[in-house]
Number of protein chains: 2
Amino acid sequence: MVQAALHSPFLHPSRLLRRFLRRPLPSAMRPLTLDSLNPQLQQVQYAVRGELAIKAELYREQLKSGAAHSLPFEKVISSNIGNPQQKGLDQPPITFTRQIAALSEWPALADLAPGVFPEDVVARAKELHSEIGSIGAYSHSQGVLFIRKNVAKFISERDGHLADPDDIFLTAGASAGVSLLINMLITDPTAGILIPIPQYPLYTAALAQHHGRGISYMLDESSGWSTSVEAISDALANARAEGTSPKALVVINPGNPTGALLTAETMAALVRLCEEHSLVLLADEVYQNNLHRAAEHPFTSFKKVVRDLRSPVPLVSFHSISKGVSGECGRRGGYLELTNIAPEVRALIYKLVSVGLCPPLSGQIGVDSMVRPPKAGEPSYALWKQETDAIHAALAERTRVMARRLNALPGVSCVESPGALYLFPKIEIPAKAAAAARAAGKEPDAFYALALLDETGICVVPGSGFGQKAGEWHYRLTCLCPGVEDYVGKLERFHLGFIAKHA
Amino acid sequence: MVQAALHSPFLHPSRLLRRFLRRPLPSAMRPLTLDSLNPQLQQVQYAVRGELAIKAELYREQLKSGAAHSLPFEKVISSNIGNPQQKGLDQPPITFTRQIAALSEWPALADLAPGVFPEDVVARAKELHSEIGSIGAYSHSQGVLFIRKNVAKFISERDGHLADPDDIFLTAGASAGVSLLINMLITDPTAGILIPIPQYPLYTAALAQHHGRGISYMLDESSGWSTSVEAISDALANARAEGTSPKALVVINPGNPTGALLTAETMAALVRLCEEHSLVLLADEVYQNNLHRAAEHPFTSFKKVVRDLRSPVPLVSFHSISKGVSGECGRRGGYLELTNIAPEVRALIYKLVSVGLCPPLSGQIGVDSMVRPPKAGEPSYALWKQETDAIHAALAERTRVMARRLNALPGVSCVESPGALYLFPKIEIPAKAAAAARAAGKEPDAFYALALLDETGICVVPGSGFGQKAGEWHYRLTCLCPGVEDYVGKLERFHLGFIAKHA
């Protein structure tokens, strides 16, 4: 440090500088405070990484430093976020994906370590390198054309309708695309966007950031968190009566936090509703590969429904490499597809994403691996099949076991999610606990979740972070934790203790 | 495709669906047009990836498809963007950085390919893995704490003043951080931010996106694009007279597009000016490691100046792995450091970045490699030294040769940049050419740059994309192209032909 400073002109200040240094601080200097910042941003709430997640992080640091003998748990379990590969959960990455990524980082490895990489991986990495060049270079702002062509092929095969690479934008995860679209659709402070309740709080956060209004429509817990066209029509009518201009409908399918899957009839009816009300349809389909009973109820995309119906509804569909069996959250990869969107609107999207230069190449090649997994007969297929089958099976099994045991607890009921990564149990909070919560300035579900964290090290997200019916309380937890017996045991003991304490 | 569709409920539509399908399209359905989108976003301009870059991309695709016999060039040279590793430029990545990245992607490689990776690389990758876990997991939204500690150490050693890891946010390149700060500082549509002219157009783009005003201050080309405190004071007075509330001062050092380096005296005076006017100082220092005469004029950070002066000015400093000798644009990595920023403002920044979950891990480990290069005596040092010396030398030499030869052309003058990756020559446009440009609805410098692209395949950015004095014309080109003789030869022949044609 001292050595570096010796070379600096500032240790031997010039005369001008000495004059400055002697001058008193100007009394007019105002510090930067929250009051002097964009007030809209202070409305942003994102519970998934909110108070509880921050406290969990502090506990984790405390445990790591060894200075935590007084904590009543030995590890922090982050059930607050769908982050399959995080420490403690350690869902292994797909070997095929990582082998291609490693060769993309250092192409010489194929020759330096002969025989280490399967032949199909070497061929794939060479093909990507010849198309992309270095992954250290900016790509086209819309994403590498070759990869967008592969995405288009994946969509075409999934839906039975052609997709156009020019309508696909690779993104830094689905979130980046959602924020951009919300920013574009909010024309003025009366503009609103229909969002399901409960919802993934990215939507309310992006609306707050871009000064738009959320128009809530309730999902129906009693019918497995189903979506009702009538509920949306009512919400639209109420919004218009209050002077809100509805711009778009957000649908999350499979649902987050609910895991619910839309029926074909509901999807068609939602498309027709968007036609009638000139709404853009924003389809968050990032859990399309997380279906626990895929044989009974396969995924159907809104792209397919819109095309089957020959509908003119403008549709933006989002997908991601963070979920599914890929679980590659840290790469920040995903894509959005535009359907029935005019070229001049697409050009505006291009211009806006170009200011951020390009999505991370590591995410882009992750998208390529997701949409082009190994095929039967290829050297990498057997291991890929074994790894992905294991991930699907573990998630389905944990979801089933956790839902069953949560439902057996007094005052807890829980829809057994057919998809996504979560459960969203409803909890009855004893009146005494609710009063204690209010006294502490907390929502009752946040109070419950905080006590759960403090006693067990398990971090979940209170239902109030997603929205819920007035007077009801929930929390969201992921079904990603290994050791489900031990884990659910902790949840059960805590719940029974909490009920007893506040009886 | 057909097989996928056969499994879908939509090939055999239900009664409800058939009813929908028969129904005529609702006449009320309005298509999504530019008029129905956020008008503010349509003001965004980003010339670096604008009309010329799009046309260059089309030429490149045309050449690749072999359908371009009529084009008067054999390759497109993208001198419009500081993208060192792009195809055609092919600045090699630093081997050390990529070896660590490859091991991070597939940690088993260290054992599967014994002896392929140097010992220090293996140790480093193991350390990163034990701190981070899988790079496929979301990290802390502020970035991995271990990497932030390494950044803080790098800054402390550079400046001789301690840096705090809690004040550091890892970002997806510098651009993401700049956009966020501008969003935060624009409290209402009268808020303004001082930006240099010429400037890197990220600043005007972010201001347009977030509905803020740019307050331009002119750099002085006649003194090597120097920054004048008087010019800024005048701009402030004019802005206030027009009802604009100045919030922050943007300084790009070394400059983009100018390459200019601030003197110690100017830096101190700018800090005092921020004190007097209660301005936040936004210091874009992404070219801090691109100094062609570093021995004569080393880089000094604003962090150091602020601390040396014991100034209370709120400062946000930006750095990136995209430039320097790293050139890892595609990873999207960088950091921002907060100085004199209150904890509650830092908490707001945390909340806002948490909505986007985390910066790409590939960029985060790129930052780690940048701030912790191999040390003398370590196995990777010799190769690292050789590679980085070669990059510095090539850039300095190309900048020198290009500036000399451009200055020898009639009607061209060019400050020989001491830093960054660019030259920003001034060109006299003949009156006839200016008239032809206006007739074609183009700015004269855009007309010149378009002709350059059409005739030579060289893509540059017109000065109007960065801002310039009224009646003057410039363009920005990078100094990254190999084969400088051939390349400058093309520029010279084009310029002489253009002058002759429009004489």
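Letters A, B, ... mirror the listed sequences (proteins, then strands); counts begin at 1. These figures come from a predicted structure and were not determined experimentally.
- In this structure, chain A has a heavy atom under 4.5 Å from the backbone of B/Thr33, while its side chain stays farther away.
- Contacts of B/Gln91 with chain A are absent, with no heavy-atom separation under 4.5 Å from either backbone or side chain.
- For the residue pair A/Asn38 and B/Thr187, no side-chain donor N or O sits within less than 3.5 Å of a side-chain acceptor on the partner.
- Between A/Pro360 and B/Arg331, the closest side-chain pair of non-hydrogen atoms is not below 4.5 Å.
- Taking B/Ser326, B/Cys329, B/Gly82 one by one and counting their heavy-atom pairs under 4.5 Å with chain A, the maximum is reached by B/Cys329.
- Within 6.0 Å of NZ in B/Lys153 there are 12 or fewer heavy atoms belonging to other residues, nucleotides or ligands.
- Nearest heavy atom pair, residue A/Leu348 against residue A/Met184, reads CD2-CE, 3.7 Å.
- Contact annotation for B/Arg332: only side-chain heavy atoms (C-beta onward) come within less than 4.5 Å of a heavy atom of chain A.
- For B/Asn183, the parts lying near chain A are the backbone and the side chain together; criterion is any non-hydrogen pair under 4.5 Å.
- Contact count versus chain B (heavy atoms, under 4.5 Å) is highest, among A/Ser179, A/Ala53, A/Cys358, for A/Cys358.
- Taking the side chain as every heavy atom from C-beta outward, A/Arg272 and A/Leu309 approach each other to under 4.5 Å.
- For A/Pro359, the part sitting under 4.5 Å from any heavy atom of chain B is the backbone (N, CA, C, O) and nothing else.
- The distance from the CG atom of B/Asn83 to the OG atom of A/Ser134 is 8.5 Å, given to the nearest 0.5 Å.
- When every heavy atom of A/Asn340 is checked against every heavy atom of A/Ser311, the shortest pair comes out as ND2-O, 2.8 Å.
- Most heavy-atom pairs under 4.5 Å with chain B: of the set A/Phe117, A/Trp106, A/Tyr138, this distinction falls to A/Tyr138.
- Between A/Gln99 and A/Val116, every side-chain heavy-atom pair lies at or beyond the 4.5 Å cut-off.
- The minimum heavy-atom distance linking B/Asp308 with B/His161 is given by the pair OD1-NE2, 2.7 Å.
- Residue A/Ser139 touches chain B through its backbone alone, counting heavy-atom pairs closer than 4.5 Å.
- Proximity to chain A is limited to the side chain of B/Ile54, based on heavy atoms less than 4.5 angstrom apart.
- Interface remark: B/Ser36 contributes backbone atoms only to the contact with chain A (heavy atom separation under 4.5 Å).
- Contacts between B/Val280 and chain A at a heavy-atom distance below 4.5 Å involve the side chain alone, from C-beta outward.
- Residues A/Ser301 and A/Arg158 meet the side-chain proximity criterion, which asks for heavy atoms closer than 4.5 Å.
- In terms of non-hydrogen atom pairs under 4.5 Å with chain A, the most contact-rich of B/Leu279, B/Leu89, B/Leu103, B/Ile186 is B/Ile186.
- Heavy atoms of B/Ile81 lying under 4.5 Å from chain A belong exclusively to its side chain.
- Using a 4.5 Å cut-off between heavy atoms, A/Ser130 touches chain B through its backbone atoms (N, CA, C, O) alone.
- By number of non-hydrogen pairs under 4.5 angstrom with chain B, the leading residue of A/Cys274, A/Gly330, A/Pro114 is A/Gly330.
- The shortest distance between side-chain heavy atoms of B/Leu338 and B/Ile349 falls below 4.5 Å.
- For chain B, the option among A/Leu112, A/Leu361, A/Val355 with the highest count of heavy-atom pairs below 4.5 Å is A/Val355.
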Problem set entry | Steps toward salt bridge (Lys or Arg N to Asp or Glu O under 4.0 Å) verdict (A/Arg98, A/Glu105) | CA-CA 10 Å; A/Arg98 293 304 192 86; A/Glu105 289 288 1; over 6 Å; no
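- In this structure, the portion of B/Leu109 lying under 4.5 Å from any heavy atom of chain A is its side chain and not its backbone.
- In terms of non-hydrogen atom pairs under 4.5 Å with chain A, the most contact-rich of B/Leu352, B/Leu202, B/Leu185 is B/Leu352.
- Comparing A/Ser354, A/Gly333, A/Ser175 by how many heavy-atom pairs each has under 4.5 Å with chain B, the most go to A/Ser354.
- Proximity to chain B (any heavy atom under 4.5 Å) is shown, for A/Ala176, by neither the backbone nor the side chain.
- Looking at B/Ser78, neither its backbone nor its side chain comes within 4.5 Å of chain A, counting heavy atoms on both sides.
- In this structure, chain A has heavy atoms under 4.5 Å from both the backbone and the side chain of B/Ala101.
- At a 4.5 Å heavy-atom cutoff, A/Phe299 makes no contact with chain B through either its backbone or its side chain.
- The two residues B/Pro107 and B/Ser104 make their nearest non-hydrogen contact at CD-O, 3.9 Å.
- Remark: B/Glu57 CD to A/His140 NE2 distance equals 5.0 Å, nearest 0.5 Å.
- Residues A/Ile365 and A/Ile132 are in side-chain contact: their nearest non-hydrogen atoms beyond the backbone lie under 4.5 Å apart.
- Contact of B/Leu145 with chain A is made through the side chain alone, with heavy-atom distances under 4.5 Å.
- Using a 4.5 Å cut-off between heavy atoms, B/Leu41 touches chain A through backbone and side chain atoms alike.
- Residue with the most contacts toward chain B among A/Pro201, A/Pro314, A/Gly366, A/Ala113: A/Pro314 (heavy-atom pairs, distance under 4.5 Å).
- Counting heavy-atom pairs closer than 4.5 Å to chain A, the top residue among B/Leu357, B/Val178, B/Ile135 is B/Leu357.
- At least one side-chain heavy atom of B/Gln85 sits less than 4.5 Å from a side-chain heavy atom of B/Pro93.
- Both the backbone and the side chain of B/Glu344 come within contact range of chain A, each with at least one heavy atom under 4.5 Å from a heavy atom of that chain.
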Problem set entry | A/Glu131 and B/Lys87: CA distance, side-chain angles, deciding distance, salt bridge (Lys or Arg N to Asp or Glu O under 4.0 Å) verdict | CA-CA 10 Å; A/Glu131 290 286 342; B/Lys87 274 188 178 186; 5.8 Å; no
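- The contact between A/Ile341 and chain B is made entirely by side chain atoms (from C-beta outward), counting heavy-atom distances below 4.5 Å.
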